[in-house]
Amino acid sequence: MDSARKLAAGGRCRGGGSRIKDIGAALGNVEALPNQRSRFAAFAFLLQRCANSKALCDGRLIHAHLTRHNYDTSTYLANWVVKMYGDCGSLAEARAVVDCLPNANAYSWNILIKAYCKNGLCRQAVECFYKMQRCGIAPTHVSFVSVLEACASMAALEEGKLIHAAAVKAGYEGHVVVGTALLNLYGKCGSLEDARIVFRQMPNRDVVTWSAMITACAQNGHGKEALEWYNRMEENGIRANQFTFVSALDACASLAALEQGQKIHTSVVLYGYERQAIVGTALVHMYGKCRRLEDARRVFDQLHQRDVVCWGAMITACAQNGHGKEALNLFSRMQSDGFKANHITYASALDACASLAALEKGQELHASIVDSGLEGETGIGNALVDMYGKCGNLKDARTVFSRMRHRDLVSWNAMIGACAQNGHGEEALDFFHQMRSKGVKPDHLTFLSILTACKHVGWMMQRT
DNA sequence: GTAGGGTTAG
């Protein structure tokens, strides 16, 4: 409300452009409508338009109008105001409306919970779920679905299990959407066995349920099982959609299962999804992992619209299949097409430099990374250490590594590998000991580098 | 006369 007053007084208001030509005139027109029912419908329509176009300023003006003209006793209109603030990303204002609402209902709270979820404020979403109950409002199936989504985003398994029990108690166990939300929760928490149990116990399953099951397997390293579910879904006569295809293709990529991937590609074309960005990206990714660069490129070239993610998939496919030069060309083309590189595309481009031992280009990328403020990303640090190591510049590899705020297994492997590849065996062993003392568990790549390093050390010891 | 579940690149 304050903001609306500020605006009326000429204050600046940021937060999205207006899509309603003249909000004052529009409100006047609504007031001229003959009955309350039509006025309510018209206010709801205007608020919905503000929500869709993220026109926060106009939304505030409508909210101010509703308060001034005593419409704020209507929970129905207030709920639309909450939705508008939520969709415009102004959670504090959305929350304030619900908190001041004398007759908040389940819609009010559910809209707020969903708004917190959408804006990544999952903890607040869960708190709202409990708060509504303290206010005497029983959660509906929609409340459960949204709060489970929040738990899934946070990978909050224990919290999710408590809410699962509450959903059963409330009688929503057999609800297909609640069941799918539960399945997704367990998948996202890495608890595949729980996901399977939920799936098996569901009395009704639709394409979303099946897709969630395929995703849960694919994202938990069970690609083969994901494809089994995909085939079983077809046998059950459920028609796959873009979500299903993307998850199944992801499973093919992780298994490098070309034949199955090609079969899915045929279905994708048949159903007309091939040129969609997300499906196309999944196809590019699958062909890249199956070392079929030409097929990846064919799909990429036919995409109707490309975003930074498709570009990233295509650049990675080139970089990982020995076509570093092409990867760097695509990286430049992506930028000249107006897409800003992010930490992932930079990492792929650095990968390409590493494979080409193109130090100068790598240094150029390093400078752009610093300019765009992405130097602190762990993935970028890892790629830089690796690039400098492979380009024979151990000094800069060390510098980047020493400046990294957070180091994971990949970082240590890159640093140890850089030492080993450049004949600094003892330094590699030294980093290996440091890594162990920090509690980072080595993997097969670490040991491969250590073997290389030991070869060098052994060779040196023989000479002395 | 409002609110709900599943998908892309390192």
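Labels below follow one simple rule: chain letters A, B, ... track the order of the sequence lines, proteins then strands, and each chain is numbered from 1.
Distance A:Gln320 CD to B:dG10 P: 6 Å, rounded to the nearest Å. As a whole-Å value, the separation of A:Ile214 CD1 from B:dT8 P is 13 Å. The distance between atom CZ of A:Arg37 and atom P of B:dT2, rounded to the nearest whole Å, is 11 Å.
Ion pairing between a basic and an acidic side chain is recognised when a charged N comes within 4.0 Å of a carboxylate O; A:Arg49 and A:Asp58 show no such pairing.
Residue-to-nucleotide contacts include no donor-acceptor pair under 3.5 Å from the side chain of A:Ser146 to the base of B:dG5. Taking only distance into account, the side chain of A:Asn342 meets the base of B:dA9 through a donor-acceptor pair shorter than 3.5 Å. Checked by distance alone, A:Asp206 brings a side-chain donor or acceptor within 3.5 Å of a matching partner on the base of B:dG5. Looking at A:Asn382, its side chain has no donor and acceptor atom pair within 3.5 Å of the base of B:dG10.
OP1 or OP2 of B:dG10 lies within a sub-4.0 Å distance of a side-chain N or O belonging to A:His285. Applying the 4.0 Å criterion to OP1 and OP2 of B:dT8, one finds that A:Lys289 has every side-chain N and O outside that range. Between A:Lys114 and B:dT2 there is no side-chain N or O to OP1 or OP2 distance below 4.0 Å.
Checking B:dT2, B:dG6, B:dA9 against the side-chain heavy atoms of A:Thr281 singles out B:dA9 as nearest. With distances taken from any side-chain atom of A:Glu149 to the nucleotides B:dG6, B:dT8, B:dA3, the minimum falls on B:dG6.
For residues 259-278 of chain A, there are no salt bridge (Lys or Arg N to Asp or Glu O under 4.0 Å) pairs, not counting sequence neighbours.
Residues A:Asn103 and A:Thr75 bring no donor and acceptor atom of their side chains to less than 3.5 Å of each other.
Annotation: side chain of A:His285 is not in contact with side chain of A:Val299 (no heavy-atom distance under 4.5 Å).
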